[in-house]
Amino acid sequence: MPEKKIKPITYKNKVYKLEHLNGNYIEVPPDVVEHFGGTFKVRVMCTLNDKLTFQTGFVALGNGSGYINLSAARMKKLGVKLNDTVTVI
């Protein structure tokens, strides 16, 4: 059975610090999680600032929100730092 194609969605959010894992993340708002089926068992192609595209999954953050991990290497490629705003597609 072919995979269902889901229409892309675009939003902006800041790069936050994930204290308990000593990493960084971009929050995925509840409406975006719902757009992709309301589950955290989904893999998506994510494009940040029209510069970097990679496959990722949503991790539960609480209150219906999720997050996307953002490694130091990806932040360097994007030229962003903590608290910068990024465009997510």
Under a single-linkage definition using a 4.5 Å side-chain heavy-atom cutoff for Ile, Leu, Val, Met, Phe, Trp and Tyr, are [X] and [Y] assigned to the same hydrophobic cluster?
| X | Y | value |
| --- | --- | --- |
| F54 | L78 | yes |
| V44 | I9 | yes |
| V59 | F40 | no |

How many angstroms lie between atom OG1 of T56 and atom CZ of R74, to the nearest 0.5 angstrom?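 Interatomic distance, T56 OG1 to R74 CZ, rounded to 0.5 Å: 6.5 Å.
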Locate the shortest heavy-atom distance separating [X] from [Y]; write the atom from each residue and the value.
| X | Y | answer |
| --- | --- | --- |
| G66 | V33 | N-CG2, 4.0 Å |
| F58 | T39 | CD1-O, 4.3 Å |
| H35 | K7 | NE2-O, 2.6 Å |
| S65 | E27 | OG-OE2, 3.0 Å |
| M45 | T53 | CE-CG2, 3.7 Å |

Below 4.5 Å, heavy atoms only, C-beta onward: do V88 and C46 meet side chain to side chain?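 Counting from C-beta outward, V88 and C46 do come under 4.5 Å.
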N13 and Y67, any side-chain heavy atoms less than 4.5 Å apart: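 Y67 vs N13: side chains apart.
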Evaluation steps, side chain to side chain contact (heavy atoms under 4.5 Å, CB included), between L48 and L70: CA-CA 10 Å; L48 302 177; L70 191 58; 3.6 Å; yes
What residue among I89, V86, V28, T87 forms side-chain contact (heavy atoms from CB on, under 4.5 Å) with Y11?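 Running side-chain contact (heavy atoms from CB on, under 4.5 Å) over I89, V86, V28, T87 with Y11 returns exactly one hit, V28.
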Verdict with reasoning, Y16 to I26, per side chain to side chain contact (heavy atoms under 4.5 Å, CB included): CA-CA 6 Å; Y16 296 100; I26 302 164; over 6 Å; no
Whether N69 side chain and Y25 backbone form a donor-acceptor pair below 3.5 Å: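 Not confirmed, N69 side chain does not pair with Y25 backbone.
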Is it true that, when you exclude K14 itself, more than 12 heavy atoms of the residues, nucleotides or ligands shown sit nearer than 6.0 Å to its NZ?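 Counting other residues, nucleotides and ligands, NZ of K14 stays at 12 neighbours or fewer.
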